[in-house]
Amino acid sequence: MATQRLTKHNSAIIMAAVALHQELGGDALLLLLDGSTDWKRIAEMTSEMGKPVIVAVDLANDLEGAAEAGLKPIALNKEKAPLLERLQHAILEAAADEFIRPNGEVVAVYSGFQQGRLDSISHLQLDERMRRLTSRDLQMIESRVPLQTLKMVVDLAAQIGREGREGKPVGTLFVVGDTRKVLEHSNDSGVDPFRGYNKSYRNLLDAKVQDDAKEVAQLDGAFVVNSEGVIERSRQMLEVTHEDLTMTKGLGARHWAAAAITKKTKAISIVVSQSTGTVRLYQDGNLVMRIEPMDKAVTWQEFAFEPPKSSPSDEN
Ligand SMILES: Nc1ncnc2c1ncn2[C@@H]1O[C@H](COP(=O)(O)OP(=O)(O)OP(=O)(O)O)[C@@H](O)[C@H]1O
């Protein structure tokens, strides 16, 4: 269990962020923390704001007591990710939970330079294009696949589109929901590395499984994922015809198959283009959402620095 100490220094930074929020306004205060802390004290320190105080940490366990204290907890599951990615993820989650309006503002507090020591305050405006990932958009699609599963797969797909693997761009396809029917239209394109494993080793809600999926995404074929986020099969070639689909010019076989399978089944396809990193969602044969790679979408990209790995204790 990781902790974030409320030292005199850290408390002063949080109070400065509250003052900045009062001065400039915003939808919420976001505290990106290294772990569990005295949630009640944070709630007291921020009580006069009258706005949501979002506390984001990596592990759900570390958030115990935060909601009871009146804070809005977010578990990032991104322990080793660079600061910018964790910050983006926290903001997207907060937007998806509607704590921040799609083009709203937020004051964020985080450790930009040294772990355990809050040293940075940003007053951020949600980028126009980040709006695509808010829950209102995803909720339109929710009726068939739970929002939690959808958000998680979309997030993973966006990560794959943005990062690729080992410096190379990666394209892939997730077909989520209505698994039994999807499998009637699928064939193995090679050895399925997930086959035979217990469900817990195939659940995409687990960060380790997401990592395995990123590896397998480099291989041919699609992931067939059930509504709970469990990979039922990977490396599947979808055998679907697509005569009566209207598709954007320039999209190839992967995108056609992605759209076509949603016409034949109640599944939702989430496809990452290898050439552009763009993520597209299809339902009923139609494109229902398009997400450009985050790197390009977020205007504060120049803040992409990583904090040092060591974490000297902060006694000030
Ligand atoms: N029917 C299918 N089912 C599953 N995967 C497929 C199918 N057809 C193609 N693919 C996958 O898509 C890959 C790329 O194909 P193609 O370049 O035609 O797709 P695309 O839609 O242009 O996507 P990208 O933008 O990623 O290149 C193939 O190597 C294969 O892994």
Side-chain angles (χ1 to χ4, degrees), residues 78 81-82 84-89 91-93 95-96 102-103 126-134 137-138 140-141 145 150-176 189 204 210-225 231 234-238 240 242 245-263 267-304:
K78 283 187 177 295
L84 181 79
E85 194 181 320
R86 294 167 69 237
L87 199 49
Q88 276 177 358
H89 191 74
I91 290 172
L92 287 176
E93 284 290 321
N103 49 4
L126 251 71
D127 186 87
E128 186 69 6
R129 281 157 291 183
M130 281 175 87
R131 217 194 300 204
R132 295 178 195 287
L133 270 181
T134 65
D137 297 326
L138 286 175
M140 283 164 38
I141 313 169
V145 175
L150 211 51
K151 264 166 67 178
M152 180 268 298
V153 180
V154 167
D155 191 40
L156 175 63
Q159 254 182 56
I160 292 172
R162 193 174 62 234
E163 297 165 6
R165 199 75 176 161
E166 282 154 16
K168 289 197 210 97
V170 173
T172 192
L173 167 57
F174 297 91
V175 185
V176 188
S189 71
L204 279 171
Q210 290 200 12
D211 247 16
D212 294 342
K214 285 182 190 170
E215 207 59 45
V216 176
Q218 299 173 93
L219 307 170
D220 269 349
F223 293 91
V224 178
V225 179
I231 299 172
S234 67
R235 305 198 65 195
Q236 296 298 298
M237 284 314 272
L238 305 173
V240 272
H242 40 70
L245 291 173
T246 319
M247 296 287 289
T248 314
K249 238 174 129 191
L251 295 177
R254 182 173 5 239
H255 288 81
W256 279 96
I261 193 70
T262 67
K263 192 133 200 179
I268 290 166
S269 289
I270 299 159
V271 54
V272 184
S273 167
Q274 183 162 12
S275 38
T276 61
T278 303
V279 174
R280 289 179 176 83
L281 270 71
Y282 292 93
Q283 183 183 33
D284 297 327
N286 300 313
L287 178 69
V288 290
M289 197 189 295
R290 199 178 106 166
I291 302 156
E292 298 304 333
M294 267 314 152
D295 274 357
K296 288 172 202 152
V298 178
T299 46
W300 28 283
Q301 179 63 21
E302 60 268 26
F303 274 86

Study note, to complete from the structure: side-chain hydrogen bond (donor to acceptor under 3.5 Å, both in side chains) filter on Ser269, not counting sequence neighbours, yields none

Study note, to complete from the structure: Tightest non-hydrogen contact, residues Ile261 and Val240, listed as CD1-CG1, 3.9 Å

Check your understanding: Just by modelled atom types, is the Ala222 backbone N or O under 3.5 Å from a matching donor or acceptor in the Gln236 side chain?
Key -> no

Check your understanding: Taking the side chain from Thr262 and the backbone from Ala267, do they hold a donor-acceptor pair closer than 3.5 Å?
Key -> no

Check your understanding: How close do Ile231 and Ala213 get, heavy atom to heavy atom, and via which atoms?
Key -> CD1-CB, 4.3 Å

Exercise for review: Compare all side-chain heavy atoms of Val153 with those of Ile268 and state whether any distance is below 4.5 angstrom.
Suggested key: no

Check your understanding: Quick one: ring-ring contact (aromatic ring centres under 6.0 Å, His included) partners of Phe223, sequence neighbours excluded?
Key -> Phe174

Review point. Who passes side chain to side chain contact (heavy atoms under 4.5 Å, CB included) against Arg235, sequence neighbours left out?
Key: Ser189, Pro193, Val216, Leu219

Point to revise | Leu287: side chain to side chain contact (heavy atoms under 4.5 Å, CB included) partners, not counting sequence neighbours | key: Arg280, Tyr282

Point to revise | Partner residues of Glu215 under the side-chain hydrogen bond (donor to acceptor under 3.5 Å, both in side chains) criterion, sequence neighbours left out | key: Arg165, Gln218

Review point. Do you know which two heavy atoms are closest between Ile270 and Ala157, and how far apart they sit?
Key: CG2-CB, 3.6 Å

**Study point:** All side-chain hydrogen bond (donor to acceptor under 3.5 Å, both in side chains) counterparts of Lys214, not counting sequence neighbours
**Key:** Gln159

